[in-house]
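To start, the structure under review is shown below, and the notes come after it.
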Amino acid sequence: MSDLLQTIRGLSKKTESKIVMVVLDGVGGLPLELNGETELATAKTPNLDALAAGAQLGQVELVGAGITPGSGPGHLSLFGYDPLHYVVGRGALSAVGIGVKLNKGDVAVRGNFATLGAGRIVEDRRAGRPSDGKNVEVVARLKAAIPEIGGVPVEIYTESEHRFVVVFRAQNGEVLGANISDVDPQDTGVQPHRAEAHDDASVKSAGLVNAFVERAEAALKDDAQVNGVLFRGYSDVPHFPSFDDAYKLNAACIASYPMYKGLASLVGMDVLDVPGKEDALDSKVQVLRDNWDSYDFFFFHVKKTDSTGEDGDFAAKVKKIELFDALLPGILALKPDVLCIVGDHSTPSKLSSHSWHPVPVLVRSEHGRKDLTARYTEEEAQKGSLGLRRGPDLMPILMANALKLNKYGA
């Protein structure tokens, strides 16, 4: 357990107060033109504006200055786990999120279906975001074509849209290493990389990955849209200190994407069932309402602010922010003692990718000092009293505002 988490564990106390952490995935942005407005500043957000007028604002760096966070490290940081100390690959998060049990020695891999052109050049890293139905169809073809590689059983699972999960199952006590380079070049106009082992224990795993890529391309060669696979986020079985043990919180996760449910499950949160599609935010608010009396911490995840940024669609990201703003009164009606609005990283539409820019954070409680801020935007957050914080500092701030921390020392 990291030093900060160990300290908070010793100070935490059980109370009746409730905390809601809303993660607007990838909410931080950039203006399309110099001196222009970000997606947050462009969006019409009367409810967020009213909330900001009576709250504390600041900025959060999830990993460190200049470091672009993945979604896993970003969320771990928000939950108070130093992402430089607690490391987990996205493969395990996705696998656990869809209910796959990992055993010692197994390796889980997060994959993207992709569109490859002539010469295996990556044309679309997400294969046009195929439907879940298309994903299931492609996974079935791969299962038939690749049941095993060199005697190692291969399991393939649908996650959603372009995402899928592969698990290489260790046999006879063997431990498959997960220290492997990415196949995904995270760019278009280039070929996929070959997986390379970074240590001796991972040589066999890298060979399994490269063989899978080759066989998958052969099996999908007649599909114009989904004809390639890109891998990143290899991981073995991860272990984390319990969220409940660290914070004495009975915590629940309200999310739709498997990866975020997997991460919440790994730290010990209860994952609540959310009906409907990911962008059906009204369903999430209803789940929050239905379970309000059973938990004292809620992680409420909103995905599409990130997806639209990754697609480079500025207007669509603005719209997703506005859709959340319209539903915010439903969360406020429950009167959480502490409400936090934050992102797990920035995903500027201008870059069509995650970025290193700090994310704006808002904390509202009756024990907070009122800032001279008018809106929840990147520019206003720079003026706020919370200042620039590292991600793991956020949970102690929320705990303090909820009066859930004892005094440190005499």
Side-chain angles (χ1 to χ4, degrees), residues 20-30 32 38-45 47-48 69-72 74-75 78 90 93-94 97 110 112-113 124-135 158-163 253-264 271-272 274-288 298-331 340-355 357 359-360 362 376-378:
V20 176
M21 176 189 284
V22 177
V23 178
L24 299 178
D25 203 306
V27 71
L30 289 172
L32 293 177
T38 66
E39 298 93 331
L40 260 178
T42 301
K44 294 179 173 60
T45 53
N47 296 308
L48 276 169
S71 295
H75 278 84
L78 292 176
R90 186 148 181 170
L93 300 181
S94 294
R110 184 271 180 107
N112 276 16
F113 289 127
D124 188 334
R125 291 180 54 247
R126 302 178 184 89
R129 292 192 186 275
S131 67
D132 289 352
K134 175 71 171 181
N135 185 310
T158 290
E159 187 172 355
S160 68
E161 296 182 330
H162 56 285
R163 301 176 182 88
C253 162
I254 302 176
S256 297
Y257 268 53
M259 182 262 181
Y260 310 103
K261 295 191 289 186
L263 182 55
V271 178
L272 305 180
V274 178
K277 296 183 177 180
E278 164 58 30
D279 53 357
L281 293 180
D282 51 347
S283 295
K284 292 185 176 179
V285 175
Q286 185 61 49
V287 171
L288 178 66
F298 293 90
F299 158 47
F300 186 107
H301 184 260
V302 178
K303 175 62 179 172
K304 292 300 182 180
T305 40
D306 176 55
S307 302
T308 48
E310 287 184 332
D311 290 342
D313 195 332
F314 189 98
K317 184 173 178 180
V318 168
K319 182 64 175 176
K320 296 303 180 184
I321 293 168
E322 292 176 344
L323 287 174
F324 169 75
D325 184 79
L327 290 169
L328 181 56
I331 297 175
C340 174
I341 312 287
V342 69
D344 61 324
H345 54 77
S346 292
T347 308
S349 307
K350 184 175 183 178
L351 299 179
S352 300
S353 67
H354 294 198
S355 76
H357 301 89
V359 296
L362 177 154
Y376 175 65
T377 67
E378 296 87 350

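In this chain, residues are counted from 1 in sequence order.
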Legend entry - All side-chain hydrogen bond (donor to acceptor under 3.5 Å, both in side chains) counterparts of Ser160, not counting sequence neighbours: none
Legend entry - Under 3.5 Å donor-acceptor, Ser94 side chain and Met259 backbone: no
Inset, instruction - Please list, chain by chain and in numerical order, all residues satisfying side-chain hydrogen bond (donor to acceptor under 3.5 Å, both in side chains) with Thr38, sequence neighbours excluded. - result: Glu378
Legend entry - For Ser353 against Pro348, the heavy-atom pair lying closest together: O-CD, 3.4 Å
Inset, instruction - Indicate yes or no for a side-chain donor-acceptor contact from Thr347 to the backbone of Gly309 under 3.5 Å, with no hydrogens or angles considered. - result: no
Inset, instruction - State whether the side chain of His354 and the backbone N or O of Pro69 hold a donor-acceptor pair below 3.5 Å, judged by distance alone. - result: yes
Legend entry - Non-hydrogen atoms of Ser346 and Gly28 that approach each other most closely: OG-CA, 3.4 Å
Inset, instruction - Using a 4.5 Å cut-off on heavy atoms from C-beta on, say whether the side chain of Phe324 contacts that of Leu24. - result: yes
Inset, instruction - Please tell me if the side chains of Val287 and Phe300 come closer than 4.5 Å, counting only heavy atoms from C-beta onward. - result: no
Legend entry - Close side-chain approach of Ile341 to Pro360, heavy-atom, < 4.5 Å: no
Legend entry - Asp344 side chain vs Gly26 backbone, donor-acceptor pair below 3.5 Å: yes
Legend entry - OG1-CG distance between Thr45 and Leu40, expressed to the nearest 0.5 angstrom: 7.0 Å
Inset, instruction - Return the set of residues passing side-chain contact (heavy atoms from CB on, under 4.5 Å) with Lys44 (not counting sequence neighbours), or none when no residue passes. - result: Glu322
Inset, instruction - Drop me the distance from Glu310's CD to Thr305's OG1, to the nearest 0.5 angstrom. - result: 10.5 Å
Inset, instruction - Decide yes or no for Ser256 and Lys284: does some side-chain heavy atom of the first lie under 4.5 Å from some side-chain heavy atom of the second? - result: yes
Legend entry - Under the side-chain contact (heavy atoms from CB on, under 4.5 Å) test, residues paired with Thr158 that sit two or more places apart: Asn135, Val136, Val139
Legend entry - Those residues that, when tested against Asp306, pass salt bridge (Lys or Arg N to Asp or Glu O under 4.0 Å) (two or more places apart): Lys303
Inset, instruction - Identify the two heavy atoms, one from Ile321 and one from Ala43, that lie closest to each other, and give their separation to 0.1 Å. - result: CG2-CB, 3.8 Å
Inset, instruction - Can you sort out the partners of Lys350 under side-chain hydrogen bond (donor to acceptor under 3.5 Å, both in side chains), two or more places apart, ordered by chain and number? - result: none
Legend entry - Partner set under side-chain contact (heavy atoms from CB on, under 4.5 Å) for Ser349, not counting sequence neighbours: Glu39, Phe314, Lys317
Legend entry - Thr308 OG1 to Lys319 NZ distance, which is reported to the nearest 0.5 Å: 12.5 Å
Inset, instruction - Check whether any side-chain heavy atom of Ser355 sits under 4.5 Å from a side-chain heavy atom of His345, and report yes or no. - result: no
Legend entry - With Glu161 via salt bridge (Lys or Arg N to Asp or Glu O under 4.0 Å) - residues at least two apart: Arg129, Arg163, Lys304
Legend entry - Inter-residue atom distance Ile254.CD1 - Met21.CE, 0.5 Å rounding: 13.5 Å
Legend entry - Which residues share a side-chain contact (heavy atoms from CB on, under 4.5 Å) with Asn47, sequence neighbours left out: Asp325, Leu328, Pro329
Inset, instruction - Would you please name every residue forming a ring pair (Phe, Tyr, Trp, His ring centres under 6.0 Å) with His75, sequence neighbours left out? - result: Tyr260, Phe299, His301
Legend entry - For Tyr376, all residues meeting ring pair (Phe, Tyr, Trp, His ring centres under 6.0 Å), sequence neighbours excluded: none
Inset, instruction - Tell me, please, which residues at least two apart from Asp313 pass salt bridge (Lys or Arg N to Asp or Glu O under 4.0 Å). - result: none
Inset, instruction - Calculate, to the nearest 0.5 Å, the distance between atoms CG and CG belonging to Leu323 and Asp282 respectively. - result: 10.0 Å
Legend entry - Interatomic spacing from CG in Asp124 to CG in Asn112 - rounded to 0.5 Å: 9.5 Å
Legend entry - Stepwise side chain to side chain contact (heavy atoms under 4.5 Å, CB included) test for Val342 and Val23: CA-CA 5 Å; Val342 69; Val23 178; 4.3 Å; yes
